[in-house]
Amino acid sequence: MPATETLIDGAVARSTPPPPETVRRRHVLDLDDFSREEIGEVLDTAESMKEVLSREIKQVPALRGKNIVNMFFEESTRTRISFELAARALSANVVNFTAKGSSVEKGESLADTVRTLQALGADMIVMRHSHSGAPYMVAQHFRGSVLNAGDGRHAHPTQALLDLYTIREKLGRVEGTKVVIVGDVVHSRVARSNLWGLTRMGAKVTLCAPPTLLGPQQFWKTTWPQVNISHNLDESLEGADVVMALRLQKERQQAGLLPSLREYSRFFALTAERLEHLDNRLLVMHPGPMNEGVEIDPDVATSTQSLIEEQVTNGVAVRMALLYRLAG
Ligand code: NCD
């Protein structure tokens, strides 16, 4: 694990409660500094944005004349495209930066790149990076706003907000709902940001994973004392309202964490057979991209219980809400 990851994972453990009143924020780096009120306001704004997206002309002039740079140093389909569509729906100018073909290839540092973008007139930077903490560093060098679109295994706040939005839209509330997050928890930035968001909104969360994919229990327990930990999916799903399956992050795994994929699927995959045995009507979520047949079966992913498509759709409205609020 790179040193930066240890540092930032350590930093996550600070659970300073955010101020009760909504302060106008400049950046969205994680949900640890969002109060319950602010999350509620973002979700309400997203609802208005969803109305805009249902119109024939899906565009409002709110961010006309603002320059937004999408900087993705790691692969992405839905997050990158939904940020771009969100910015365009608000009439902003959008530029997509890719490391390939830029001066980063000539050795320019991230800090220099950011100062260059600033000199070119960027107002907001949307950033995904494989190093935990990279967007925090960028925020220190940039006078505009930074939105974290996923950093290492640390945080993915916009995904967590769209997940909260989707749960609230479907169930009418987040408070009191029972949510099981299952899979490759140790490598998951989606799990970490969702833990901040779900616990702050009053959901009851269970993390379910084999011990090797959970990492040190103490980390979860000290950071989010309310969270339940389980190694048994069938037990965890009893009485649950929502199950969120995580992608097995093969690119971040060290060898030896799993005996075999088949064995993993037998105990931890969302299969039709496993869900059939439940009395409760469970809603199924997945941030995508999915390893079909590993953590989720294709028929479950496309079943009427699945919210996976709604999650993608809601991502645009939630990102519009954040861009709009940051632009003030
Ligand atoms: C996630 C990500 O990149 O963190 N995907 C996403 O943004 N929708 C989850 C993953 O990669 O497994």
Side-chain angles (χ1 to χ4, degrees), residues 4-5 8-9 12 28-32 46 70-87 96 98-99 126-136 147-167 179 181-198 207-209 213-215 242-253 257-258 261 264-265 268-270 284-296 301 306-320 322-323:
T4 45
E5 297 230 320
I8 293 297
D9 285 350
V12 163
V28 177
L29 300 171
D30 197 0
L31 292 191
D32 56 347
N70 272 337
M71 276 175 107
F72 279 68
F73 291 91
E74 220 190 47
E75 309 65 38
S76 173
T77 305
R78 61 216 92 209
T79 306
R80 191 175 58 74
I81 293 177
S82 68
F83 260 116
E84 183 163 348
L85 289 174
N96 284 303
T98 38
V126 176
M127 183 183 188
R128 168 169 288 195
H129 204 284
S130 56
H131 280 282
S132 295
Y136 289 72
L147 288 103
N148 183 1
D151 64 324
R153 52 181 204 168
H154 169 240
H156 196 349
T158 64
Q159 178 69 41
L161 286 167
L162 77 88
D163 290 340
L164 288 171
Y165 182 91
T166 306
I167 295 173
V179 181
I181 302 179
V182 59
D184 190 355
V185 176
V186 72
H187 297 106
S188 177
R189 53 192 175 209
V190 174
R192 284 169 176 76
S193 287
N194 257 303
L195 277 164
W196 286 121
L198 286 165
L207 288 180
C208 181
L213 293 185
L214 185 70
V242 177
V243 60
M244 235 178 235
L246 300 172
R247 183 173 65 88
L248 204 60
Q249 311 229 334
K250 294 182 200 138
E251 78 279 17
R252 293 193 218 279
Q253 295 224 356
L257 290 183
L258 289 173
L261 286 183
Y264 173 79
S265 302
F268 293 97
L270 298 182
V284 173
M285 299 176 78
H286 192 303
M290 293 181 273
N291 295 305
E292 287 187 337
V294 180
E295 71 263 357
I296 188 165
S306 167
L307 298 179
I308 298 171
E309 255 184 60
E310 277 99 321
Q311 286 175 271
V312 178
T313 304
N314 291 338
V316 183
V318 167
R319 290 174 176 122
M320 281 172 80
L322 291 168
L323 293 173

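Indexing begins at 1, ligand by ligand and atom by atom, following the structure's order.
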The ring pair (Phe, Tyr, Trp, His ring centres under 6.0 Å) partners of Phe73 (sequence neighbours excluded) come to Phe97, His129
Practice item. Output yes when a side-chain donor or acceptor of Asn70 lies under 3.5 Å from a complementary backbone atom of Asn96, and no otherwise. Key: no
Those residues at least two apart in sequence (or on a different chain) that pass side chain to side chain donor-acceptor pair (under 3.5 Å) with Thr166 are Asn314
What about Gly288: any of its N or O atoms under 3.5 Å from an N or O on ligand 1?
yes
Of His156, Arg153, Met290, the residue with the heavy atom nearest atom 7 (O) of ligand 1 is His156
Ligand 1 to Gln249, heavy atom cutoff 4.0 Å, flagged ligand atoms 10 (C), 11 (O), 12 (O)
Taking a cutoff of less than 4.0 Å between a non-hydrogen atom of the residue and any ligand atom, is Arg128 in contact with ligand 1? yes
Per-atom filter on ligand 1: closer than 4.0 angstrom to a heavy atom of Thr79 are 6 (C), 7 (O), 8 (N)
At under 4.0 Å between heavy atoms, what of Glu74 touches ligand 1? The answer is neither
I'd like to know if Gly150 contacts ligand 1, where contact means a heavy-atom distance under 4.0 Å to any ligand atom. no
Test your reading of the model: is there a side-chain donor-acceptor pair from Arg192 to the backbone of His154, 3.5 Å cut-off? no
Does Val190 reach ligand 1 with a nitrogen or oxygen that is under 3.5 Å from one of the ligand's nitrogen or oxygen atoms?
no
If we number the atoms of ligand 1 from 1 as shown, the ones under 4.0 Å from a heavy atom of Arg189 are 2 (C), 3 (O), 4 (O)
Could Arg128 and Phe72 be counted as a cation-pi pair, given that NZ or CZ must be under 6.0 Å from the ring centre and within 45° of the axis? no
d(Thr313 OG1, Leu162 CG) to nearest 0.5 Å is 10.0 Å
Rounded to the nearest 0.5 Å, the OG atom of Ser193 sits from the CG atom of Asp151 at a distance of 8.0 Å
